[in-house]
Protein chains: 2
Amino acid sequence: MTESVGDGRDAESVSKFVESFAAQLVEAGMQRMAARVFAALLASDKGVLTSAELSEQLQISPAAVSGAVRYLAQTHMVSREREPGSRRERYRVHGDQWYEALTNREAVLKRWEAALREGVNSLGGDTPAGRRLAETLAFFEFVEGEVAAMMERWRVHRERTFGQG
Amino acid sequence: MTESVGDGRDAESVSKFVESFAAQLVEAGMQRMAARVFAALLASDKGVLTSAELSEQLQISPAAVSGAVRYLAQTHMVSREREPGSRRERYRVHGDQWYEALTNREAVLKRWEAALREGVNSLGGDTPAGRRLAETLAFFEFVEGEVAAMMERWRVHRERTFGQG
DNA sequence: CCTTAACTTCACAAATTTCTGAAAGAAGCG
DNA sequence: CGCTTCTTTCAGAAATTTGTGAAGTTAAGG
């Protein structure tokens with residue numbers, strides 16, 4: 001029998017996964033603590049952990065958990081719940097919702113598009129640079145539409161492969 | 001008539017675009033100098049600038065240009081050329097190639113997938129957490145395939161909209 | 001209401017990243 | 001071949017980011 005994290009899983013394996021997956025997320029630009037918290041939730045039994053559990057499992061201060069969760073909630077990677085009749089908060093990864101958060105990046109795309117649109121206007125759509133910016137803008141607009149369709153196909157594919165989990 | 005950058009475009013407008021677009025890229029995780037260099041190339045007349053031009057236009061040291069270009073070349077966002085018979089190097093954005101660089105991120109996805117696969121193995125595919133990781137892995141594999149198809153559709157769409165630029 | 005458990009905010013110390021000037025390294029040109 | 005011009009590397013100063021302890025805030029439970 002292996003040592004347990006409290007819910008019966010192998011603490012060593014969990015930690016190893018959490019750290020290596022988090023490292024990849026960090027490399028892709030996510031804040032370190034946010035990445036670790038997210039990975040820990042992914043690897044948890046129910047996809048739910050309390051602030052205290054995260055603090056202990058990851059060996060970080062409650063302040064760090066708070067900051068990480070704020071970021072993750074803002075970007076819709078996790079949701080926060082309050083158990084009724086308790087001041088203990090629980091954080092959850094919701095399969096369906098974080099895929100979208102990860103791929104959509106609506107807000108980011110929108111801001112890129114805004115900057116490009118301004119560029120096209122001020123440089124003029126009839127200059128070589130203006131045309132290049134316009135084409136880039138068109139690319140992002142295209143991608144935006146495609147991603148929506150792709151997520152729909154994923155939902156279908158997922159249903160078929162995993163049943164309605 | 002507006003002041004010029006040397007090739008006849010309005011220096012003020014160009015700079016404004018470069019800085020605001022670069023700022024968005026930085027927010028999305030790109031290094032600041034790399035983002036500025038890339039934006040400057042996008043907004044340049046021919047999509048080509050020399051090291052010296054970048055250095056002067058962005059008010060940064062040759063060393064900073066060197067570092068930024070190294071990053072951009074590694075990630076295939078720009079290509080470097082050397083004019084034959086000169087030790088002056090030129091850097092170029094190649095419409096077609098940087099779209100792919102931006103969307104593909106093959107290497108990144110592959111590493112995420114590797115970390116997830118290890119997680120599934122060590123936690124066991126029959127545990128709740130293992131199943132969650134397996135589903136996440138399936139999602140990335142799905143996305144990987146979709147992106148390739150999407151880029152193909154973009155090429156067609158682009159051809160129709162902009163002609164064979 | 002008052003106590004107390006839990007989360008959040010804040011100021012600061014530590015670590016990391018970023019950019020520069022200077023020196024070293026290529027490569028054309030005489 | 002050495003000179004000159006351009007690029008890269010490197011060590012360090014400066015700025016930014018990160019995580020913590022401590023104080024502050026909110027709300028449950030007596």
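Sequence lines set the chain letters: A, B, ... in the order given, protein chains first and strands last, and positions in each chain run from 1.
The side chain of B/S51 places no N or O atom within less than 4.0 Å of a non-bridging phosphate oxygen (OP1 or OP2) of D/dC6. The phosphate of D/dT17 (OP1 or OP2) has no side-chain N or O of A/R32 nearer than 4.0 angstrom.
If you find the closest nucleotide of DNA chain D to A/M33 and to A/R87, the one lying nearer the 5' end belongs to A/M33.
When the side chains of ILVMFWY residues are joined at heavy-atom separations under 4.5 Å, either directly or via intervening members, A/L137 and B/L42 end up in a single hydrophobic cluster.
Backbone-only contact: B/R80 has heavy atoms under 4.0 Å from sugar-phosphate atoms and none from a base. Looking at heavy-atom distances under 4.0 Å, A/S66 makes contact with a base. Residue contacts shown for A/G85 are limited to sugar-phosphate atoms, with no base heavy atom under 4.0 Å away.
Atom CZ in A/R90 sits roughly 17 Å away from atom C1' in C/dA5 (whole-Å rounding). One interatomic measurement links the two molecules: CZ of B/R88 to P of D/dT4, which rounds to 18 Å at whole-angstrom precision. Atom pair B/R82:CZ and D/dT7:P shows a separation of 7 Å (rounding to whole Å applied). Rounded to a whole Å, the CD atom of A/E53 is 16 Å from the C1' atom of C/dA5. A/E89 has its CD atom 12 Å from the P atom of D/dA28, to the nearest Å. For the pair A/E83 CD and C/dA6 C1', the interatomic distance rounds to 12 Å; values are reported in whole Å. In this structure, B/E81 atom CD and D/dT7 atom C1' are separated by 16 Å, rounded to whole Å. Going from atom OH of B/Y71 over to atom C1' of C/dT17 covers 14 Å, rounded to whole Å.
Interatomic distance, A/F139 CZ to B/W98 CH2, rounded to the nearest 0.5 Å: 7.0 Å. A/L102 CG to A/M30 CE: the interatomic distance, rounded to the nearest 0.5 Å, is 7.0 Å.
Closest to the side chain of A/A63, from the set C/dT20, D/dG21, D/dT8, is D/dG21. For B/Y91, counting side-chain heavy atoms from C-beta on, the closest listed nucleotide (D/dT8, C/dC10, C/dA6) is D/dT8. When distances are taken from the side chain of B/Q31 to each of C/dT18, D/dG21, C/dT8, the shortest belongs to C/dT18.
B/E159 contributes no side-chain N or O that, together with a main-chain N or O of B/V156, makes up a donor-acceptor pair within less than 3.5 Å.
Other residues, nucleotides and ligands contribute over 12 non-hydrogen atoms within 6.0 Å of the CZ atom of A/R131.
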